[in-house]
Amino acid sequence: MTTTEPPAPSRLRSWMLEGLSDMGKGQGVTGPHAAPEPPHRGQAWYRVMCLTGVDYFSTLGYQPGIAALAAGLLSPVATVVLVVVTLAGALPVYRRVAEESPHGEGSIAMLERLLTFWKGKLFVLTLLGFAATDFLITITLSAADASTHLVENPHLTEALHGQRMLITLLLVALLGAVFLKGFLEAIGVAVALVATYLALNAVVVAAGFWHVVTAGHVVTDWSHALTAEHGNVFAMVGVSLLVFPKLALGLSGFETGVAVMPHVKGDAGDTEEHPAGRIRDTKKLLTTAALIMSVFLIVTSFLTTVLIPEKEFQSGGQANGRALAYLAHEYLGNTFGTVYDVSTIAILWFAGASAMAGLLNLMPRYLPRYGMAPHWARAVRPMVLVFTLIAFLVTWVFDADVDAQGGAYATGVLVLMSSAAIAVTIAARRAGQRGWTVTFGVVSAVLLYVTVVNVIERPDGVKIGACFIAGIIAVSLLSRLARAFELRVTDVTLDPLAERFVRDAASRKLRFIANEPDRRDRAEYREKIEQIREDNDLPAHEDFVFAEVTVTDPSEFEGRLVVRGEVLHGRYRVLTLESSSIPNALAALLLHVRDTTGCTPHIYFEWTEGGPFANFLRFFLFGQGEVAPVTREVLREAEPDRARRPRVHTG
């Protein structure tokens, strides 16, 4: 469907819209503005593991301190519970998510299939709100913790005192600049950061264990204090289960693990429909990352609990938000400690990279396809600017405080993990896998319990999530309203009989009658023709082709249009169409007929009864309403040249 060519875009606009969504190309990006899909070029799974690892592994920067604050002397036991949930619950769930949704949409795509029409769209928007909470708070919390490590470094404390907010904003801005430049090359940076950070943590762990061995009393002191406080093992496990929701940040890497899945190379024979190698290697990625992180979580929680005084974990203490950095300075000297601080700052800052990648992978897949974002939302750079500005706002609201953002972060993580567990439970049940259904059902129950407890204890998290949800829904509906009169059809295909109708009619004057199918008997079509002739004062010899649109899912925004021809009652030629919107389908048909025949078609309508406002709402929500003027408006927007515009007649 050709329309009048728009003016050439400026260089800035071309640069901003360059490579319309280079994060996971080809997955659900449709429409006339979609970029051509290049061959898939990915990276080895262990390299992509480092991309998600900058989020997952960087939590070592603050997780031991959070565990110590939440569980006190029980921190190692509570961390073991976290590891059990990780390996026995979250890991199997996300391995199944990778299998069921191999294009990076995660559990959202799986649950989207279960609900249709507007309830499905609103449900997806809600999950996107929690995903935005998770990923954006990952960016701001990690940057805030990186600035904490910088400010608390003994060599820089005096010079940077009181500058945490400014440093955090600069780190967020720098992350945005990386994505504006181009992100795919940054996987190499992630590999270097993760390798260095894990190696330095291994050195800190070794030094900590050496001190524990040489000063054996610290273990006995801890065990005696633990027994005196909690009595027996069962009491310890019970309390650990109660405080477990506060440790949920240790589960934060799985959602980004599947979000960056499109970057996994897989096998040479992989296709976008059946990426078996990518699925297999993503499972390796998730398993390896979970095992590495589990080992580090257990040993670091033990070392920080037995070696760091409790008062240092409190707000204002030297180990608050930087427990392992405290050990690095304490046992390996300020020089090594500074090197460790630099590594921690770098990986915490870059942790926002995997979160930004997740946002850029999710949002362009859904919002533009729903008509709930402008076309430029499919491009990386404009979305980077939007997310960076939102991150600035979140940082300012939370005053760059790590502890203040923990509740919102945990809420986003847990809601997405719960939705993933529910999605794979449903998938297993539909596949007839009873054992997996029970297993995933238990995991779902555990994660839902943790989510509810977290929301009760830290309601600020769900409040922030609700703000993101409300913002996404409001902006989405306004965007859809602004785009209501766009030509939403991406492609028009006519079957042979429909093509014959159009070709025959083009030899005279192309006249279509828009008809709402009812009984479809002989009387319906005869009376319709008589009414159109009378209303428009047309001679009896004029020939007509009926166009009938059946509305399928009115919540869908754009898609292909297939036109089928029928001959009813031996004389009436009818073109049948299925679409989410009657006016848009008719406009697309008229433009296609004009372009293929070179003739200007005419279409005839009846006026619809009812008020204009009520009819517009019917069109906006259900794809119907006052069809004639809306069809004309869609044609006006799609074809500015009045001489080439199909003619709309209403009687």
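Every heavy atom of this structure was used, including side-chain atoms; hydrogens, water molecules and symmetry mates were not. Keep in mind that this is a model prediction, so the values were computed, not measured.
- Judged by distance alone, with hydrogens and angles left aside, the side-chain atoms of T287 form no donor-acceptor pair with the main-chain N or O of K284 at under 3.5 Å.
- Summarising the geometry of L447 relative to T451, their closest heavy-atom pair is O-OG1, 2.7 Å, with the distance given to 0.1 Å.
- Taking all atoms of both residues into account, the shortest heavy-atom contact from L136 to F387 is CD2-O, 3.7 Å.
- The minimum heavy-atom distance between V204 and L327, with the atom names listed, is CG1-CB, 4.1 Å.
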Working for side chain to side chain donor-acceptor pair (under 3.5 Å), residues T425 and S444: CA-CA 8 Å; T425 302; S444 300; 3.2 Å; yes
Working for side-chain contact (heavy atoms from CB on, under 4.5 Å), residues V258 and S101: CA-CA 9 Å; V258 294; S101 180; over 6 Å; no
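- P64 and T59 get closest at one heavy-atom pair: CD-O, 4.1 Å.
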side-chain contact (heavy atoms from CB on, under 4.5 Å) evaluation trace for Q43 with L51: CA-CA 10 Å; Q43 300 275 341; L51 178 58; over 6 Å; no
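- Residue T344 holds its OG1 atom at 7.5 Å from CG of L200, rounded to the nearest 0.5 Å.
- Checked by atom type and distance alone, the side chain of T304 pairs as donor or acceptor with a backbone atom of S301 at under 3.5 Å.
- A donor-acceptor contact shorter than 3.5 Å is absent between the side chain of R47 and the backbone of V191.
- By the neighbour-count criterion of 12 heavy atoms within 6.0 Å, atom CZ of R280 is densely surrounded, having more than that number from other residues, nucleotides or ligands.
- Here the CD1-CG distance, from I347 to L60, works out to 8.5 Å after rounding to the nearest 0.5 Å.
- For Q63 against L82, the heavy-atom pair with the smallest separation is NE2-CD2, 3.8 Å.
- A distance of 15.0 Å separates CH2 in W45 from NZ in K265, rounded to the nearest 0.5 Å.
- When each of I292, L291, L286 is paired with T288, the side chain to side chain contact (heavy atoms under 4.5 Å, CB included) condition holds for I292 and for no other.
- Counting heavy atoms of neighbouring residues, nucleotides and ligands inside a 6.0 Å radius, atom CD of E310 does not exceed 12 of them.
- Applying the salt bridge (charged side-chain N to carboxylate O under 4.0 Å, His left out) rule to pairs touching residues 76-96 yields R96-E100, sequence neighbours excluded.
- For the pair W349 (side chain) and S142 (backbone), a donor-acceptor distance under 3.5 Å is absent.
- For L448, the side-chain contact (heavy atoms from CB on, under 4.5 Å) partners at least two apart in sequence or on another chain are S418, I422.
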Audit row: T282, Y94, side-chain contact (heavy atoms from CB on, under 4.5 Å) steps and yes/no: CA-CA 10 Å; T282 300; Y94 277 92; over 6 Å; no
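- Residue L348 holds its CG atom at 11.5 Å from OG1 of T138, rounded to the nearest 0.5 Å.
- Once rounded to the nearest 0.5 Å, the distance linking OG of S75 with CH2 of W222 reads 9.0 Å.
- Counting only heavy atoms from C-beta outward, the side chains of S294 and L87 approach each other to under 4.5 Å.
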Trace of the side-chain contact (heavy atoms from CB on, under 4.5 Å) decision for R434 with R429: CA-CA 7 Å; R434 186 173 180 179; R429 187 171 182 271; over 6 Å; no
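- In this structure, F209 and F302 have parallel ring planes: the angle between them is below the 30° cut-off, well short of the 60° mark.
- A distance of 5.5 Å separates CZ in F296 from CG in N201, rounded to the nearest 0.5 Å.
- Heavy-atom neighbours of W436 CH2 from other residues, nucleotides or ligands within 6.0 Å: at or below the threshold of 12.
- Nearest heavy-atom pair across T86 and P92 is O-CD, 4.4 Å.
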